[in-house]
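One structure is given here, and the rest of the page talks about it.
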Amino acid sequence: MIHSLQLPFPRGFHFEHTVYSHGWCALLPYRLDRTALQLRYPVQLSTTRIAELRIGPPRQSRPAVTVEVKGRLSEDHRAQLTRIASAMLHLDLDLQPFYRMSREDSRFSWMAQNRAGRMLRAPSFFEDAVKMLLTTNCSWSLTETMTSRLCETFGTVSPFGGHCFPVPEAIADSSEDVLRREVKLGYRAPYLLEMVRRIVRGDLSIEDFRGSSLPAAELYRELRGIKGIGDYAAGNLLKLLGRFDYLGIDSWCRAKYAEMYHNGNPVPDSEIVNFYAPFNEWRGLVMWLDVTRHWYGEKFPF
DNA sequence: GCGTCCAGGTCTACC
DNA sequence: GGTAGACCTGGACGC
């Protein structure tokens with residue numbers, strides 16, 4: 001049975017630019033119908049019940065958000081799914097101050113004009129953190145493969161196809177050997193295992209990062225305290241929390257910046273940091289949009 | 001077919 | 001606090 005959800009969309013929301021804001025839409029359990037521009041995601045409502053969220057192109061300026069689930073949908077589950085869809089699209093992020101700032105600089109005013117900057121997230125910060133760990137020191141195709149194998153090995157089978165993203169408990173009961181041999185995480189295996197076991201023990205309240213009022217520097221320090229999360233991963237996880245104080249520079253950003261501003265000649269990170277420093281608390285977002293600007297004029301790569 | 005390099009890094013030991 | 005070296009995987013590339 002198909003149910004529709006009503007979400008509170010902020011002014012200036014852009015569905016397509018949110019979906020394609022970075023690579024998350026290409027990682028399971030997200031499934032993207034590129035022709036219809038419909039994003040699907042299986043949500044485990046209980047041990048025996050799974051719903052599929054379907055977020056589609058705008059109708060009357062608002063994306064159509066529907067849920068397919070066998071049978072009736074309780075009010076509690078409807079509210080839960082509404083919260084999840086809202087969290088995925090990061091609808092509570094106010095980008096108006098960022099757009100006002102970008103309009104003041106002709107080099108970056110396109111960001112406001114394109115309503116860019118809202119980044120797709122996972123339903124949980126746990127999933128964001130795991131996926132970020134799996135982007136470190138490898139090609140994008142390997143990130144896709146590792147994520148798929150993680151879902152297939154530990155996630156519940158969805159009646160709508162594929163698997164759900166695993167809960168920490170499912171991975172915590174496993175072993176480093178399984179994570180290395182079957183999921184092929186390599187040296188990331190002990191990092192993931194330590195993270196999920198800390199969560200299960202109650203030593204790491206990972207979902208508290210979302211909605212935290214702590215200063216960005218404090219959140220950054222906490223994230224760096226998770227094994228396997230370094231400067232790059234912590235900086236980019238902060239972006240998924242709506243904090244853009246850190247750049248999260250990786251080799252791809254480095255190369256793109258060098259190509260855009262130095263004819264491809266490598267520059268030290270300190271120069272990139274200085275270049276975006278005037279944008280203060282928005283500098284991480286300005287950098288990311290700047291180095292991905294060609295996506296908006298040409299074609300999104302995912 | 002085989003060896004090497006490296007990609008959307010991080011940790012640890014050492015200085 | 002700065003840096004060298006080790007670390008998994010898998011695709012690209014040269015031979």
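Each chain gets a letter, A, B and so on, in the order its sequence line appears, and its residues count up from 1.
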Atom CG of A:Asp269 to atom P of C:dT3: distance rounded to whole Å? 12 Å
Rounded distance in Å - CG (A:Leu142) to P (C:dA12): 13 Å
Using whole Å, report how far CH2 of A:Trp252 lies from P of B:dA7. 14 Å
For the pair made of CD in A:Glu176 and P in C:dC7, what is the distance, rounded to whole Å? 13 Å
Would you measure the distance from the P atom in B:dG8 across to the matching atom in C:dA4 and give it in whole Å? 23 Å
Base, sugar-phosphate alone, or nothing: which one does A:Thr136 contact when heavy atoms must sit under 4.0 Å apart? sugar-phosphate
Establish, with yes or no, whether the OP1 or OP2 oxygen of C:dG10 is under 4.0 angstrom from a side-chain nitrogen or oxygen of A:Arg149. yes
Does a side-chain N-to-carboxylate-O contact under 4.0 Å join A:Glu152 and A:Arg149? no
Does A:Trp140 stack onto the base of B:dG8, taking stacking as ring centres under 5.5 Å apart and planes under 30° apart? yes
Separation between the P atoms of C:dC8 and B:dA13, rounded to whole Å: 15 Å
Among C:dT9, C:dC8, B:dT10, the nucleotide that comes nearest once only the side chain of A:Tyr187 is considered: C:dC8
Let me know the distance between OH of A:Tyr191 and P of C:dC8, rounded to the nearest Å. 8 Å
For the side chain of A:Phe302, starting at C-beta, report the closest nucleotide among C:dG10, B:dG8, B:dG9. B:dG8
Quick one, A:Arg180 and A:Arg188 - any side-chain contact, counting heavy atoms below 4.5 Å? no
What is the nucleic acid contact for A:Arg188, judged by heavy atoms within less than 4.0 Å: base, sugar-phosphate only, or nothing? base
Excluding sequence neighbours, so at least two apart, what forms side-chain contact (heavy atoms from CB on, under 4.5 Å) with A:Asp208? A:Ser205
Taking the six-membered ring for Trp and the full ring for Phe, Tyr or His, determine whether the centres of A:Trp295 and A:Trp110 are under 6.0 Å apart. no
Indicate, with a heavy-atom threshold strictly under 4.0 Å, whether A:Leu134 touches base, sugar-phosphate, or nothing. nothing
CG of A:Asn137 versus C1' of C:dG10: gap in Å, rounded? 12 Å
Residue A:Lys227, side-chain atoms from C-beta onward, closest of B:dC11, C:dT9, B:dT10: B:dC11
If you look at every strand shown and take non-hydrogen atoms under 4.0 Å, does A:Arg181 touch a base, only sugar-phosphate, or nothing? nothing
In whole Å, what is the span from the CE atom of A:Met146 to the C1' atom of C:dC8? 9 Å
Contact class for A:Ile249 vs. all strands (heavy atom < 4.0 Å): base, sugar-phosphate, or nothing? nothing
Determine whether the aromatic ring centres of A:Phe302 and A:Tyr20 lie less than 6.0 Å apart. no
Closest of B:dG8, C:dC7, B:dC11 to the A:Arg224 side chain is B:dC11
Please tell me which of A:Trp24 and A:Ile226 maps to the more 5' nucleotide of DNA chain B, matching each residue to the nucleotide holding its nearest heavy atom. A:Trp24
Candidate nucleotides B:dT12, C:dC8, B:dA7, ranked by approach to the side chain of A:Ser139 - the nearest: B:dA7
Does the side chain of A:His3 pick up a donor-acceptor pair with the side chain of A:Glu68 at under 3.5 Å? no
d(OH, A:Tyr232; P, B:dG8) in whole Å: 10 Å
Which part of the nucleic acid, if any, lies within contact of A:Ala233, taking any heavy atom under 4.0 Å across all strands shown: a base, the sugar-phosphate backbone alone, or nothing? sugar-phosphate
Report which part of the nucleic acid A:Asn236 touches: base, sugar-phosphate, or nothing (heavy-atom distance under 4.0 Å, all strands). nothing
Once you apply the 3.5 Å cut-off to both distances, tell me the Watson-Crick or G-U wobble partner of B:dC11, or none. C:dG5
Whether A:Phe108 and A:Phe279 hold their rings parallel, tilted or perpendicular, with breakpoints at 30° and 60°: perpendicular
Can you tell me the base-pairing partner of B:dC5? Count Watson-Crick or G-U wobble geometry only, both distances below 3.5 Å, and say none if there is no partner. C:dG11
